Amino acid sequence: MKNVVLIGASGFVGSAILNELLTKGHKVTAIVRNPQKINVENPNLAVIKADVSDTITLINACKGKDAVISAYNPGWTNPHIYEETLRNYPLILDAVKQSGVKRLLCVGGAGTLFCAPGLRVVDSGVIPEAIMGGVKSLGEFYLNTLMNEKDIDWIFFSPAGTLEPGQRTGKFRLGKDDLIVDENGNSHISVEDYAVAMIDELENPKHHYERFTIGY
């Protein structure tokens with residue numbers, strides 16, 4: 001059993017990760033802006049209301065934990081998602097490092113995956129303009145900050161091109177930097193299976209200081 005902090009536990013991906021953590025018997029401290037959105041009750045769950053920019057609260061919540069999983073997202077409809085991602089994700093990283101926790105698992109994006117030799121998804125023209133701010137900012141944090149980070153054992157777990165509600169099958173493929181596509185050329189994964197793979201990595205670390213990805 002691991003004792004972990006989960007940032008953004010009430011979001012689309014965060015709630016799936018929370019369910020998987022609790023199902024597997026781990027102890028979870030959930031950091032959320034709106035605790036009323038957490039509709040799960042479990043003796044292994046503690047909920048803390050905090051903004052990720054509240055560094056002191058974040059440090060204190062993380063101290064003594066085995067790992068931190070960050071599913072932070074300012075909100076896809078937030079007009080300032082680009083700026084807030086680039087401002088707040090380094091704050092999360094610094095707070096986790098200051099807390100003494102040795103491992104940080106980040107819910108990544110698919111934008112920086114390669115969909116053809118030398119061509120990243122973010123530059124391929126397939127991403128709708130409405131979400132480009134969130135895709136670009138998370139990608140920039142990974143490329144410009146995380147890839148230069150040597151003081152904490154981090155991973156950036158990129159989903160498939162389409163991350164959607166579905167079934168928990170436990171059957172999927174993992175990769176490194178290339179978008180995983182099926183026999184029809186589609187790149188997709190259920191959020192439930194994404195959560196399975198994230199908790200697999202928590203329990204049995206196979207990736208260190210790197211990104212990996214998933215797909216069917």
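All figures in this text were calculated on a predicted structure; none of them were measured in a lab. Positions are given from 1, in the same order as the sequence printed here.
Annotation: salt bridge (charged side-chain N to carboxylate O under 4.0 Å, His left out) contacts involving residues 50-77, sequence neighbours excluded, are absent. Sequence neighbours left out, the pairs with a member in residues 168-183 that pass salt bridge (charged side-chain N to carboxylate O under 4.0 Å, His left out) are Glu20-Arg168, Lys176-Glu210, Asp177-Arg211.
Pairing each heavy atom of Ser187 with each of Val181, the nearest pair is CB-CG1, 4.0 Å. In terms of heavy-atom proximity, Ala110 sits nearest to Pro159 at CB-O, 3.6 Å. The two atoms that bring Lys49 and Pro35 nearest to each other are CB-CG, 3.4 Å, heavy atoms only. Leu143 and Asn148 make their closest contact through O-ND2, 4.3 Å (heavy atoms, listed as atom of the first residue, atom of the second, distance).
Atom CD1 of Ile180 sits about 10.0 Å away from atom CZ of Phe212, to the nearest 0.5 Å. Taking CD1 from Ile81 and CG from Asn88, the interatomic distance works out to 11.0 Å, rounded to the nearest 0.5 Å. One distance of note links OH of Tyr72 with CZ of Arg33; it measures 6.0 Å at 0.5 Å rounding. Distance NZ/Lys24 to CG/Asn19: 13.0 Å, rounded to 0.5 Å. Between the NE2 atom of His208 and the CD1 atom of Ile152 there is a distance of 13.0 Å, given to the nearest 0.5 Å.
Partners of His26 under the ring pair (Phe, Tyr, Trp, His ring centres under 6.0 Å) rule, at least two apart in sequence or in another chain, do not exist in this structure. Partners of Tyr194 under the side-chain hydrogen bond (donor to acceptor under 3.5 Å, both in side chains) rule, at least two apart in sequence or in another chain, do not exist in this structure. Residues satisfying the side-chain hydrogen bond (donor to acceptor under 3.5 Å, both in side chains) criterion with Thr213, sequence neighbours excluded, are absent altogether. Partners of Ala61 under the side chain to side chain contact (heavy atoms under 4.5 Å, CB included) rule, at least two apart in sequence or in another chain, are Ile31, Ile48.
Of the candidates Thr112, Thr85, Val135, Leu86, Leu86 is the only one forming a side chain to side chain contact (heavy atoms under 4.5 Å, CB included) with Glu140.
A salt bridge between Glu203 and Lys2 is absent, with no side-chain N of the basic residue lying under 4.0 Å from a carboxylate O of the acidic one.
Annotation for Phe114: hydrophobic cluster partners, listed by chain and number, are none (ILVMFWY side-chain heavy atoms under 4.5 Å, direct or chained). Annotation for Ile59: hydrophobic cluster partners, listed by chain and number, are none (ILVMFWY side-chain heavy atoms under 4.5 Å, direct or chained).
Taking a 6.0 Å sphere around CD of Gln36, one finds it holds more than 12 heavy atoms contributed by other residues, nucleotides or ligands. Within a 6.0 Å radius of NZ in Lys27, other residues, nucleotides and ligands contribute 12 heavy atoms or fewer.
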Just distance, no hydrogens or angles: give the donor-acceptor pairs under 3.5 Å from side chains in residues 38-47, sequence neighbours left out.
{"unit_1": "Asn42", "atom_1": "OD1", "unit_2": "Asn44", "atom_2": "N", "d": "2.8"}

Solution key, residues 100-108 side-chain donor-acceptor pairs under 3.5 Å, sequence neighbours excluded:
{"unit_1": "Arg103", "atom_1": "NH1", "unit_2": "Asp153", "atom_2": "OD1", "d": "3.3"}
{"unit_1": "Arg103", "atom_1": "NH1", "unit_2": "Asp153", "atom_2": "OD2", "d": "3.3"}
{"unit_1": "Arg103", "atom_1": "NH1", "unit_2": "His207", "atom_2": "O", "d": "3.2"}
{"unit_1": "Arg103", "atom_1": "NH2", "unit_2": "Glu201", "atom_2": "OE2", "d": "2.5"}
{"unit_1": "Arg103", "atom_1": "NH2", "unit_2": "His207", "atom_2": "O", "d": "3.4"}

Report all side-chain donor-acceptor pairs from residues 121-134 shorter than 3.5 Å, counting only partners two or more places apart or in another chain.
{"unit_1": "Ser124", "atom_1": "OG", "unit_2": "Val121", "atom_2": "O", "d": "2.6"}

What pairs of donor and acceptor atoms, side-chain ones from residues 3-15 against any protein atom, are under 3.5 angstrom apart with sequence neighbours left out?
{"unit_1": "Ser15", "atom_1": "OG", "unit_2": "Gly11", "atom_2": "O", "d": "2.7"}
{"unit_1": "Ser15", "atom_1": "OG", "unit_2": "Phe12", "atom_2": "O", "d": "3.3"}

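Under the 4.5 Å side-chain heavy-atom criterion for Ile, Leu, Val, Met, Phe, Trp and Tyr, Leu58 and Phe141 are members of the same hydrophobic cluster. The hydrophobic clustering, which links ILVMFWY residues whose side-chain heavy atoms are closer than 4.5 Å, places Val191 and Leu202 together. Tracing side-chain contacts under 4.5 Å through hydrophobic residues (I, L, V, M, F, W, Y), one reaches Leu163 starting from Phe157; they form part of the same cluster. No path of Ile, Leu, Val, Met, Phe, Trp and Tyr side chains, each step under 4.5 Å between heavy atoms, connects Ile214 with Leu179, placing them in separate hydrophobic clusters. Hydrophobic clustering places Tyr209 together with Met147 (ILVMFWY residues linked when any side-chain heavy atoms are closer than 4.5 Å, directly or through intermediates).
With Asn184 contributing its side chain and Asn186 its backbone, the two residues share no donor-acceptor pair below 3.5 Å. Checking side-chain atoms of Glu84 against main-chain N and O of Pro74 turns up no donor-acceptor pair under 3.5 Å. Under the 3.5 Å distance criterion, the side-chain polar atoms of Ser158 are matched with a main-chain donor or acceptor of Gly109.
Ring pair Phe156/Tyr142: centre-to-centre distance below 6.0 Å.
A donor-acceptor contact under 3.5 angstrom links the side chains of Tyr216 and Asp193, judged on distance only. One side chain, Tyr89 or Ser70, offers a donor N or O that lies under 3.5 Å from an acceptor on the other.
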